[in-house]
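Every value quoted in this text rests on a predicted model; they were computed, and no experiment measured them.
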Amino acid sequence: MNSDRRIPVVLLLLRMSVFLVMLMWTLDKFVNPDHAAAIFQNFYLIGGLSNVPIYIIGGIQLIIILGFVAGFQKRWTYLLVLFFHSVSTFSSFRQYFAPFENLLFFAAWPMLAVCFALYYLRDLDIIWTFDKN
């Protein structure tokens, strides 16, 4: 199998795996809005969010990640997913100073690389997408 066929398969698997992580983060906003509000307070320095703004943020995020997983408007949905994950990764900078107490935070870096790769190679991500280029 040549690279013309292998690359789209790999990009599909990467897109599905990023979607899974983003879906769980999105669902957390609906299932446990207090946890999501604490994350906004601790990592993004946005405090005092009640359930309604958390639900609105979750709703917007859900629409974006559904577009992302469907390969719809790839230039924008892939860019937004890259942006969301970049903000998440860089806002966790304090956790990187105590690496052995926060090992799971380091998983954000390979996922950030995957988000960048998906955005950069979006024209080659053609399996199960609305936008074929």
For Trp109, check ring pair (Phe, Tyr, Trp, His ring centres under 6.0 Å) against everything at least two apart and list the hits. Phe90, Tyr96

With Asp28 via side chain to side chain donor-acceptor pair (under 3.5 Å) - residues at least two apart: His35

Contact list for residues 56-70, test salt bridge (charged side-chain N to carboxylate O under 4.0 Å, His left out), sequence neighbours left out: none

Among residues at least two apart in sequence or on other chains, which ones pass side chain to side chain contact (heavy atoms under 4.5 Å, CB included) with Gln41? none

Hey, can you pull the donor-acceptor pairs under 3.5 Å for the side chains in residues 52-60, sequence neighbours left out?
none

Work out which heavy atom in Arg94 is nearest to a heavy atom in Asn42; give both atom names and the distance. NH2-O, 2.6 Å

If hydrophobic clusters are built from ILVMFWY residues whose side chains come within less than 4.5 Å, do Ile63 and Val21 share one? no

Tell me whether Leu66 is reachable from Met16 by hopping between hydrophobic residues (I, L, V, M, F, W, Y) whose side-chain heavy atoms are closer than 4.5 Å. yes

With sequence neighbours left out, write down each residue that passes side chain to side chain contact (heavy atoms under 4.5 Å, CB included) with Ile127, or none if nothing qualifies. Pro8, Val9, Leu12

Single-linkage hydrophobic cluster, 4.5 Å side-chain cutoff, Phe30 and Leu49 together: no

Common cluster, Leu104/Ile39, ILVMFWY with side-chain heavy-atom separation under 4.5 Å: no

Does some side-chain heavy atom of Phe43 sit less than 4.5 Å from a side-chain heavy atom of Gln95? yes

Is there a chain of hydrophobic side chains (I, L, V, M, F, W, Y, each step under 4.5 Å between heavy atoms) that links Val31 to Trp25? no

Taking the side chain as C-beta and beyond, is there a heavy-atom pair between Thr89 and Phe105 under 4.5 Å? no

Looking at side-chain heavy atoms only, is the closest gap between Tyr119 and Val81 below 4.5 Å? no

Taking every non-hydrogen atom, the tightest pair across Val18 and Cys115: CG1-SG, 3.9 Å

Tell me, which pairs form a side-chain hydrogen bond (donor to acceptor under 3.5 Å, both in side chains) where one or both residues lie in residues 11-23, sequence neighbours left out? Arg15-Tyr78, Arg15-Asp125

Side chain to side chain contact (heavy atoms under 4.5 Å, CB included) partner of Leu82, the single match among Leu112, Val114, Leu118: Leu112

Distance in Å, Met22 CE paired with Leu80 CG, rounded so as to fall on 0.5 Å steps: 9.5 Å

Would you say the side chain of Lys74 lies within less than 4.5 Å of the side chain of Phe68, judging by non-hydrogen atoms? no

With sequence neighbours excluded, tell me which residues meet side chain to side chain donor-acceptor pair (under 3.5 Å) with Ser88. none

At what distance, to the nearest 0.5 angstrom, does CZ of Phe116 lie from CG of Leu121? 8.0 Å

Considering all heavy atoms of both residues, which atom of His85 and which atom of Ala108 are nearest to each other, and what is their separation? NE2-O, 2.9 Å

Applying salt bridge (charged side-chain N to carboxylate O under 4.0 Å, His left out) as the test, list every pair that has at least one member in residues 37-58; sequence neighbours left out. none

Tracing side-chain links under 4.5 Å among I, L, V, M, F, W and Y, which residues wind up in one group with Phe72? Phe130

Hydrophobic cluster (4.5 angstrom, side-chain heavy atoms) - remaining members for Phe100: Leu103

Go through Val69 and Ile65 one step at a time and tell me if the side chain to side chain contact (heavy atoms under 4.5 Å, CB included) criterion holds. CA-CA 6 Å; Val69 76; Ile65 66 169; over 6 Å; no

Test item: Asp131 side-chain N/O and Gln73 main-chain N/O as donor-acceptor pair under 3.5 Å: yes

Any residue meeting ring pair (Phe, Tyr, Trp, His ring centres under 6.0 Å) with Phe40, in chain and number order, not counting sequence neighbours: Tyr44

Just checking Tyr120: does its OH atom have more than 12 heavy atoms from other residues, nucleotides or ligands closer to it than 6.0 angstrom? no

